[in-house]
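So that we are looking at the same thing, I have put the structure below in structure tokens.
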Amino acid sequence: MTSEARAGTSRPPQVLRGMRDFLPQQMLLRQEIIDRFQTVFERYGFEPIDTPLLEYYEVLAGKYGEEGEKLMYHFQDHGGREVGLRYDLTVPLARFVAAHRHELTFPFKRYHIGPVFRAERPQRGRYRQFWQCDVDTVGTRSMLADAEVVSIWIEALASVNLPNVVIQLNHRQLLQALATHAGVATEQTLTVYRAIDKLEKIGPEGVREEMLRHGIAEAAAQTVLDLVQLRGEPGTVLAEVRARLTGDPQAEAAVSDLLELLRYLDLLGVDPRRYTLNLALARGLDYYTGPVFEAVVEEPAIGSLGGAGRYDGLIGMFLGEEIPATGGSLGLERIVEVVQELQLLHVPTTVSQVLVTVFDDQHWGVALQLAQQLRADGINAEVYLGERRDFRRQIQYADRKGIPVALFCGPEELARGVITVRELITGVQYQVPAAELAPTMRRLLAERPQRQP
RNA sequence: GUGCCUCUAGCUCAAUGGCAGAGCGCUGGUCUGUGGAACCAGUGGUUGCGGGUUCGAAUCCCGUGAGGCACCCCA
């Protein structure tokens with residue numbers, strides 16, 4: 001310890017901007033959400049992988065567009081290598097597939113849950129280190145792979161009691177065709193995407209103004225606006241788009257992709273109220289090439305819960321050959337934020353299920369033996385470790401931590417061969433023969449599972 | 001990365017440029033085989049940090065850190 005650290009310990013050091021500590025209770029909620037997502041992902045046959053947080057900068061460079069690149073953590077390591085913290089889980093997946101393609105069975109379905117880094121200015125639901133929960137299928141052009149992602153998202157979000165999310169669908173090539181049709185110059189297409197992406201937020205007039213301000217011709221802007229505002233039943237909208245963009249091969253391809261996607265969603269039995277076509281949805285990342293989608297929640301206003309899309313060209317950037325792929329990321333912190341704000345999940349405040357109290361120094365043996373028995377039986381049990389051991393203190397400890405059951409085994413119990421069981425929530429207390437403790441506890445904890453009302 | 005707002009006890013918040021406070025919490029006790037309540041007592045601070053102006057700064061000014069809002073972008 002330095003003298004400075006010894007002298008001035010009153011002010012704890014801050015964590016870096018946009019980065020956070022998590023207390024046990026917060027971790028329990030995060031873990032619960034991750035668990036539920038994993039369950040859904042695995043139900044569809046996706047398998048876990050992991051990759052390093054740090055990659056060669058060159059692996060990450062040139063994949064996210066100019067804006068994204070600016071937000072990447074990029075530096076030299078001790079060996080002078082140019083390195084970067086991963087910006088998402090998709091580009092590392094592309095590198096992973098390129099590196100391991102002979103060890104993988106295609107189509108390759110994987111999920112990946114872990115932290116990514118973006119040097120953005122933090123705000124609510126926006127951090128510099130945050131977790132993404134990714135599901136991707138590599139090695140197939142089938143729209144079923146895209147449809148599975150939509151279906152998984154709906155189930156995953158429903159599994160954390162967020163059942164009313166609507167997933168917006170669009171297609172990158174449809175946007176492209178639309179811009180071409182309107183006569184927007186190639187170098188202006190990005191400007192147009194950016195403008196129309198704000199349709200919900202700033203309205204048609206706002207979008208028009210933004211396009212005009214960036215030098216888009218009045219007529220082109222109007223054409224774009226007309227198309228982008230088409231609403232309604234997806235099949236009908238697509239028929240209308242097809243009619244307006246007739247003869248454009250890109251539009252044809254995009255429309256037939258989306259029709260196929262919709263057909264699979266129908267076959268999967270996905271509730272049609274849970275998704276909608278939104279021709280104004282652009283999505284920023286450069287690497288998308290096909291269908292794109294996004295999960296947005298209105299209240300609380302926290303923006304996008306996840307983004308997804310097909311990126312048939314990305315893996316090819318690491319290999320000669322092109323390998324098609326599609327998938328999406330759910331943003332863990334935003335989902336946690338919504339779940340917390342709307343109190344959608346109730347997780348226990350502690351992992352301990354039982355507190356074994358200690359009568360006095362002569363009774364450590366029984367207490368520890370009891371605890372070990374319970375542990376062997378799969379019950380999370382802790383022994384009171386405080387130095388002042390009056391019962392009041394021990395019960396108070398269990399109460400404050402939210403441990404639902406306390407056990408007593410003092411002289412009285414020992415003499416009679418019983419254990420006293422106290423249920424903290426109701427205050428109900430009774431004695432059971434020592435031999436029946438395990439079944440009693442199992443029954444108790446089954447009635448009162450981890451989740452509290 | 002740009003602009004604006006905020007930061008006072010563990011938490012929520014008071015204090016006109018003039019003695020830094022309250023509620024909750026926490027600790028101890030009433031109460032050594034039993035939590036939540038009540039009552040009593042106690043504990044609380046480099047006013048984010050550094051500098052400046054001033055007789056005097058939580059308050060005004062500059063810088064800096066963190067949080068938030070809007071842009072940008074996005075999970």
Side-chain angles (χ1 to χ4, degrees), chain A residues 7-21 23 64-72 87-90 113-134 153 157 190-191 193-195 197-198 201-202 210 281-286 288 292-297 301-308 328-338 355 357-360 363 384 388-414 420-429 431:
Chain A
T9 50
S10 62
R11 213 173 328 287
Q14 288 178 304
V15 294
L16 241 26
R17 166 171 261 203
M19 310 211 169
R20 306 181 294 163
D21 291 326
L23 294 166
Y64 302 108
E66 214 178 305
E67 294 297 327
E69 200 99 6
K70 277 193 267 180
L71 302 178
M72 197 147 67
Y87 181 90
D88 67 6
L89 300 176
T90 309
I113 296 173
V116 302
F117 301 85
R118 298 184 190 177
E120 285 194 282
R121 194 136 163 193
Q123 257 172 71
R124 184 186 185 190
R126 168 182 296 210
Y127 304 96
R128 291 188 167 185
Q129 175 178 340
F130 61 97
W131 282 49
Q132 292 196 320
C133 309
D134 275 39
W153 269 17
L157 294 169
L190 231 60
T191 310
Y193 295 170
R194 268 204 275 271
D197 204 37
K198 294 178 198 159
K201 201 168 189 175
I202 61 179
E210 176 153 344
L281 175 69
R283 298 216 40 82
L285 296 176
D286 255 19
Y288 289 126
V292 288
F293 37 105
E294 186 166 58
V296 186
V297 70
I302 207 158
S304 165
L305 296 184
S329 327
L330 289 170
L332 183 65
E333 348 306 283
R334 289 187 181 177
I335 290 164
V336 169
E337 196 94 4
V338 174
L355 177 74
T357 63
V358 183
F359 184 76
D360 63 17
H363 290 75
Y384 185 73
R388 293 182 61 179
R389 242 177 282 107
D390 50 291
F391 274 112
R392 176 188 178 76
R393 231 168 271 273
Q394 301 195 51
I395 290 293
Q396 210 164 59
Y397 172 83
D399 179 48
R400 286 186 188 170
K401 280 192 73 175
I403 302 173
V405 178
L407 300 182
F408 301 87
C409 191
E412 203 179 295
E413 285 85 357
L414 277 180
T420 298
V421 177
R422 183 177 182 84
E423 299 179 28
L424 276 283
I425 293 159
T426 53
V428 172
Q429 184 167 317
Q431 300 190 326

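Residue numbers begin at 1 in each chain, while the letters A, B, ... track the order of the sequences.
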Over-ring placement of A:Arg118 relative to A:Tyr87, 6.0 Å and 45° cut-offs
yes
In whole angstrom, give me the gap between the C1' atoms of B:C24 and B:G65.
29 Å
**Study point:** side-chain hydrogen bond (donor to acceptor under 3.5 Å, both in side chains) partners of A:Thr191, counting only residues at least two apart
**Key:**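 Scan of A:Thr191 (side-chain hydrogen bond (donor to acceptor under 3.5 Å, both in side chains), adjacent residues dropped) gives none.
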B:C31: pairing nucleotide in any strand, Watson-Crick or G-U under 3.5 angstrom:
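The answer is none; no pair meets the criterion.
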Here the distance between atom C1' of B:C49 and atom CZ of A:Arg17, to the nearest Å, is 15 Å
Protein heavy-atom contacts under 4.0 Å, written 5' to 3' over nucleotides 30-36 of chain B as B (base), S (sugar-phosphate only) or - (none), form the string BB-BBBB
Between A:Ala308 and A:Gly328, which heavy-atom pair has the shortest distance, and what is it?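 Shortest heavy-atom separation between A:Ala308 and A:Gly328 comes out as CB-CA, 3.3 Å.
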Quiz prompt | Value rounded to 0.5 Å, distance of OH in A:Tyr384 from CD1 in A:Ile395 | solution =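 So the OH of A:Tyr384 and the CD1 of A:Ile395 are separated by 10.5 Å.
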Atom CG of A:Asp197 and atom P of B:C72 are separated, to the nearest Å, by 11 Å
Q: Name the nucleic acid region contacted by A:Gly65, choosing base, sugar-phosphate or nothing; use a 4.0 angstrom heavy-atom cut-off, strictly under.
A: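 Here A:Gly65 touches no strand at all.
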When rounded to whole Å, the CZ to P distance for the pair A:Arg128 and B:C74 reads 17 Å
Next on the checklist: Would you measure the distance from the P atom in B:G1 across to the matching atom in B:U43 and give it in whole Å?
Outcome noted: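 Straight-line distance between the two P atoms is 46 Å.
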Point to revise | Protein-nucleotide distance (A:Glu120, atom CD; B:A70, atom P), rounded to Å | key: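 Distance check: A:Glu120 CD to B:A70 P gives 14 Å.
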Under 3.5 Å, side chain of A:Glu294 to main-chain N/O of A:Ser304, donor-acceptor pair present? no
Margin query: Among A:Leu89, A:Ile113, A:Asp88, which residue satisfies the side-chain contact (heavy atoms from CB on, under 4.5 Å) criterion with A:Asp134?
Written below: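 Only one option passes, and that is A:Leu89.
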**Request:** Sort out for me which residue in A:Arg334, A:Arg121, A:Glu333 forms a side-chain contact (heavy atoms from CB on, under 4.5 Å) with A:Arg126.
**Result:**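 The side-chain contact (heavy atoms from CB on, under 4.5 Å) with A:Arg126 is passed solely by A:Arg334 among A:Arg334, A:Arg121, A:Glu333.
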* Expressed in whole Å, how much space separates the C1' atoms belonging to B:A38 and B:A75? ->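 49 Å, rounded to whole Å.
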A:Met72 atom CE is separated from B:G1 atom C1', nearest whole Å, by 16 Å
To the nearest angstrom, the CG-C1' distance between A:Leu190 and B:C74 comes to 14 Å
Under a 3.5 Å limit on both distances, the Watson-Crick or wobble mate of B:G42 is B:C26
Q. Within the structure shown, what part of the strands sits under 4.0 Å from A:Lys401 by heavy-atom distance: base, sugar-phosphate, or nothing?
A. nothing
Quick one: is B:G28 close enough that its OP1 or OP2 comes under 4.0 Å of any side-chain N or O from A:Arg388?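 Checking A:Arg388 against B:G28: at least one side-chain N or O falls below 4.0 Å of OP1 or OP2.
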- Counterpart base for B:C71, defined by Watson-Crick or G-U wobble contacts under 3.5 Å: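 Per the H-bond distance test, B:G1.
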What interatomic distance, in whole Å, is found between P of B:C61 and the corresponding atom of B:U53?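 Roughly 15 Å separates the two P atoms.
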Quiz item: With under 30° as parallel and over 60° as perpendicular, where do the rings of A:Trp153 and A:Phe293 fit, or are they tilted in between?
Solution: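 Ring orientation of A:Trp153 relative to A:Phe293: perpendicular.
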*Give a yes/no on whether any side-chain N or O of A:Gln14 is located under 4.0 angstrom from OP1 or OP2 of B:A66.*
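For A:Gln14, the contact criterion (side-chain N or O under 4.0 Å from OP1 or OP2 of B:A66) is not met.
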In Watson-Crick or G-U wobble terms, with both distances under 3.5 Å, the base opposite B:C7 is B:G65
Note to self: In whole Å, measure the gap between the C1' atoms of B:U8 and B:A22 for me.
What the structure shows: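 Comparing C1' positions in B:U8 and B:A22 gives a spacing of 13 Å.
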Note to self: Using Watson-Crick or G-U wobble geometry with both distances under 3.5 Å, which nucleotide pairs with B:U54?
What the structure shows: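 Answer to the pairing question: none, since B:U54 forms no Watson-Crick or G-U pair.
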query: If you measure from the P atom in B:C40 to the same atom in B:C49, how many Å do you get, rounded?
result: 35 Å
Here the distance between atom C1' of B:A66 and atom CE of A:Met19, to the nearest Å, is 13 Å
Open item on the list: Assuming nearest nucleotide by heavy-atom distance, tell me which of A:Arg20 and A:Leu330 is located more 5' along RNA chain B.
Closed with: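 With A:Arg20 and A:Leu330 compared, the 5'-side residue is A:Arg20.
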Under 4.0 Å from OP1 or OP2 of B:C72: is there any side-chain N or O of A:Lys70 that close?
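No, A:Lys70 has no side-chain N/O under 4.0 Å of OP1/OP2 on B:C72.
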For this session: Look at all strands and tell whether A:Tyr127 reaches a base, only sugar-phosphate, or nothing, counting heavy atoms closer than 4.0 Å.
Result: base
Quickly work out the A:Tyr64 OH to B:C72 C1' distance and round it to whole Å.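 Spelled out: OH on A:Tyr64 to C1' on B:C72 is 19 Å.
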Taking N and O atoms by type only, does the side chain of A:Arg126 place a donor or acceptor under 3.5 Å from a partner on the base of B:C69? no
message: Looking at the base of B:G25, is there any donor atom on it, or on the side chain of A:Arg400, that sits under 3.5 Å from an acceptor on the other one?
response: no
*C1'-based separation of B:C5 from B:G18 [nearest Å]*: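 The same atom, C1', in both gives a distance of 28 Å.
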Item checked: Complement of B:U16, any strand, by Watson-Crick or G-U distances under 3.5 angstrom ->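 Pairing partner: none.
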- Task: For B:C62 versus B:U46, give the span between their P atoms, rounded off to a whole number of Å.
- Result: 26 Å
**Message:** I'd like to know if the side chain of A:Gln394 and the backbone of A:Arg389 have a donor-acceptor N/O pair within less than 3.5 Å.
**Reply:** yes
Review item, side-chain donor-acceptor pairs of residues 398-410 of chain A, under 3.5 Å, at least two apart:
{"from": "A:Lys401", "atom 1": "NZ", "to": "A:Glu382", "atom 2": "OE2", "distance (Å)": "3.1"}
{"from": "A:Lys401", "atom 1": "NZ", "to": "A:Tyr397", "atom 2": "OH", "distance (Å)": "3.4"}

